[in-house]
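Accompanying notes for the structure given below.
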Amino acid sequence: MWSVAEVMQLYEQPFPDLLYQAQTVHKQYFPVATMQLSTLLNIKVGGCPEDCHYCPQAARYHTGVKAEKLLDRETVKEKASIAKTAGATRFCMGAAWRSLKDRDVPVLAKLIEEVKSLGLETCITVGMLTNQQACVLKEAGLDYYNHNIDSSPEYYEKIITTRTYEDRLQTLQHVRDAGIKVCCGGIVGMGESREDRAGMLVVLANFNPQPESVPINQLIPIKGTPLQDTSPLDNFEFVRTIAVARLMLPCSRLRLSAGRASMSDELQALCFLAGANSIHYGEKLLITDNADAVNDRTLLQRLGIQEEMCAL
Ligand code: SAM
Ligand code: DTB
Ligand code: SF4
C-alpha cells in the first residue's frame with residue numbers, strides 16, 4: 001500500500017534520477033518502444049446535469065456545446081471502422097450522462113457488439129452504472145470501462161459537488177465485479193497541489209488489482225467553465241507525474257490523454273521516456289480537437305516507437 005508521504009519522496013528526487021527509475025521499471029514490464037492507440041467518439045454530446053468544473057458538456061455552463069441525441073448504429077460503426085483503418089486498436093465511446101439508464105443498456109450493448117465485430121477493443125465511459133448493467137455490457141463484449149477519480153479525495157469537492165468520490169469508487173467496483181477491465185485516471189493542472197497529485201496516484205495505485213489502463217489528463221481550460229482561467233501546470237511537473245505514475249503502476253497502460261494538442265513533440269517525447277505508453281489518436285477527444293494524427297504517426301516514427309498491433 002502506498003502512502004502520500006512515500007509518493008512525495010519519489011516526486012522530490014532530482015529529475016534525472018526519477019526518470020531513470022521510471023524507465024527502468026517501464027522496461028521491466030513493457031517493450032518500451034511501443035504505443036497503444038485509442039480513438040474516442042462522443043456518442044451523446046452535451047446537456048449533462050453534473051457540475052464537473054472542467055467540463056464543456058455540463059449543461060449549466062455556457063460553453064457553446066449544444067445537447068444532441070445518442071448517435072445511431074451506422075454512424076458509430078462507420079467511425080469505428082475509420083479508426084481501425086487509421087491504426088487504432090481500441091475504440092472508446094463517451095456519453096455526457098450522469099449515470100446509465102436501464103433503457104439505454106440494450107442500445108449500448110448493440111454498439112459494443114458492432115465495434116467488437118470489427119476486431120477493435122471496446123471501451124465506454126457513460127457515467128455511473130450498476131452491477132447488473134455492467135454484467136450485460138460485459139456479455140455484449142465490453143473490454144474496458146473508463147471512469148476517472150479525477151483528483152485526490154481532498155481536492156475533489158473543489159471540482160465536483162453533484163456526486164461523491166464514494167459514488168465513483170462504487171461504480172469502479174461494479175465494473176471490476178463484472179469482469180470488465182478498469183480504465184481509471186484523473187486530471188492534473190486544475191490548481192491542485194503536488195500533494196493532491198500524489199494523493200490521486202495513491203488512490204489509483206492502491207486499487208487491488210490496479211487499473212489496467214490509466215489516463216492522465218492535463219486540464220484543457222474551457223471558456224465558460226469555472227476552471228477557464230486556471231494557470232497551466234509546469235511541464236516538468238507534468239513529466240514528473242507521469243514518471244511517478246509509472247513507478248506506482250508498473251503494469252498499467254499509462255495514457256497521455258487530454259492536453260496533448262498543446263504539447264510540443266519534445267514534451268510528449270519526455271512523457272514517453274517517463275513511461276507513458278498510450279495516446280488518444282484521432283481528430284477529436286470528446287468536444288475539443290486532439291493532437292494532429294499525421295503528426296502523431298510522424299512523431300512515433302521519428303522516435304522509433306512502434307504502434308501496438310490489434311491482438312484480435
Ligand atoms: N460523463 C462521463 C463521466 O463523467 O464519467 C464520461 C465522460 S467524461 C467527459 C470523461 C473524463 O474526461 C472526465 O472524467 C475527465 O477526467 C476528462 N475531462 C473532461 N473534460 C476535461 C477537460 N476540460 N480537460 C481535461 N480532462 C477532461
Ligand atoms: C479520459 O480520461 N479522457 C478522455 C476520455 N477519458 C473519455 C476525455 C477527455 C476530454 C477532454 C475534453 C473534451 O474534449 O471534452
Ligand atoms: Fe457530465 Fe461527465 Fe462532463 Fe461530468 S465529466 S459534466 S459527468 S459529461
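Indexing begins at 1, ligand by ligand and atom by atom, following the structure's order.
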Worksheet item: Which option, T171, L286, I287, owns the non-hydrogen atom nearest atom 9 (C) of ligand 1?
Response: L286
Would you call [X] a ligand 1 contact, heavy-atom distance under 4.0 Å?
X    : value
G127 : yes
S257 : no
E50  : no
R163 : yes

Worksheet item: Does one side chain, of Q173 or N131, offer a donor that lies under 3.5 Å from an acceptor on the other?
Response: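 Distance-only check fails for Q173 and N131.
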Discussion item. Side chains of Y54 and D150: any donor to acceptor distance under 3.5 Å?
Written reply: yes
Between [X] and [Y], does any side-chain N to carboxylate O distance fall below 4.0 Å?
X    : Y    : value
R302 : D265 : yes
E237 : R197 : yes
E121 : K84  : no

Practice prompt. Write down, by chain and number, every protein residue that brings a non-hydrogen atom to less than 4.0 Å from an atom of ligand 2.
Written response: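 Ligand 2 is contacted, at a heavy-atom distance under 4.0 Å, by L40, P56, T125, N146, N148, P215, N217, S257, A258, H280, L285, L286, I287, T288.
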Item to complete: Count up the protein N, O or S atoms sitting under 2.8 Å from atom 4 (Fe) of ligand 3, would you?
Response: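 My tally for this metal is 1.
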Nearest neighbour in protein (non-hydrogen) for [atom]:
atom                    : answer
atom 7 (C) of ligand 1  : T125 OG1, 3.8 Å
atom 16 (O) of ligand 1 : D150 OD1, 2.7 Å
atom 20 (N) of ligand 1 : Y54 CD1, 3.3 Å
atom 24 (N) of ligand 1 : I220 N, 3.0 Å
atom 12 (O) of ligand 1 : N148 ND2, 4.5 Å
atom 27 (C) of ligand 1 : I187 CD1, 3.9 Å

Worksheet item: Going by the order shown, which atoms of ligand 1 are within less than 4.0 Å of some heavy atom of A95?
Response: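 The atoms of ligand 1 under 4.0 Å from a heavy atom of A95 are 1 (N), 2 (C), 6 (C).
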Fill in: Atoms of ligand 1 close to L219 [distance to a heavy atom under 4.0 angstrom, numbered from 1]
24 (N), 25 (C)
Fill in: Atom indices of ligand 3 within 4.0 angstrom of Y54 heavy atoms, with elements
5 (S)
Practice prompt. Hey, could you give me each pair passing side-chain hydrogen bond (donor to acceptor under 3.5 Å, both in side chains) that has a residue in residues 214-232? Not counting sequence neighbours.
Written response: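 Every side-chain hydrogen bond (donor to acceptor under 3.5 Å, both in side chains) pair that includes a residue of residues 214-232, provided the two are not neighbours, is N217-S257.
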Discussion item. Between ligand 1 and N146, is the shortest N or O to N or O distance under 3.5 Å?
Written reply: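 No, there is no polar N/O contact under 3.5 Å.
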Worksheet entry | Per-residue contact class, R163 against ligand 3 - non-hydrogen pairs under 4.0 Å | side chain
Worksheet, complete the sentence: Residue pairs meeting ring-ring contact (aromatic ring centres under 6.0 Å, His included), one or both in residues 192-238, sequence neighbours left out, come to F15-F236
Item to complete: Mind checking whether L227 contacts ligand 1 via backbone (N, CA, C, O), side chain (CB onward), both or neither, at a 4.0 Å heavy-atom cut-off?
Response: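 For L227, no heavy atom sits under 4.0 Å from ligand 1.
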Response to the item:
Taken to the nearest 0.5 Å, the spacing of N206 CG from L204 CG works out to 9.5 Å
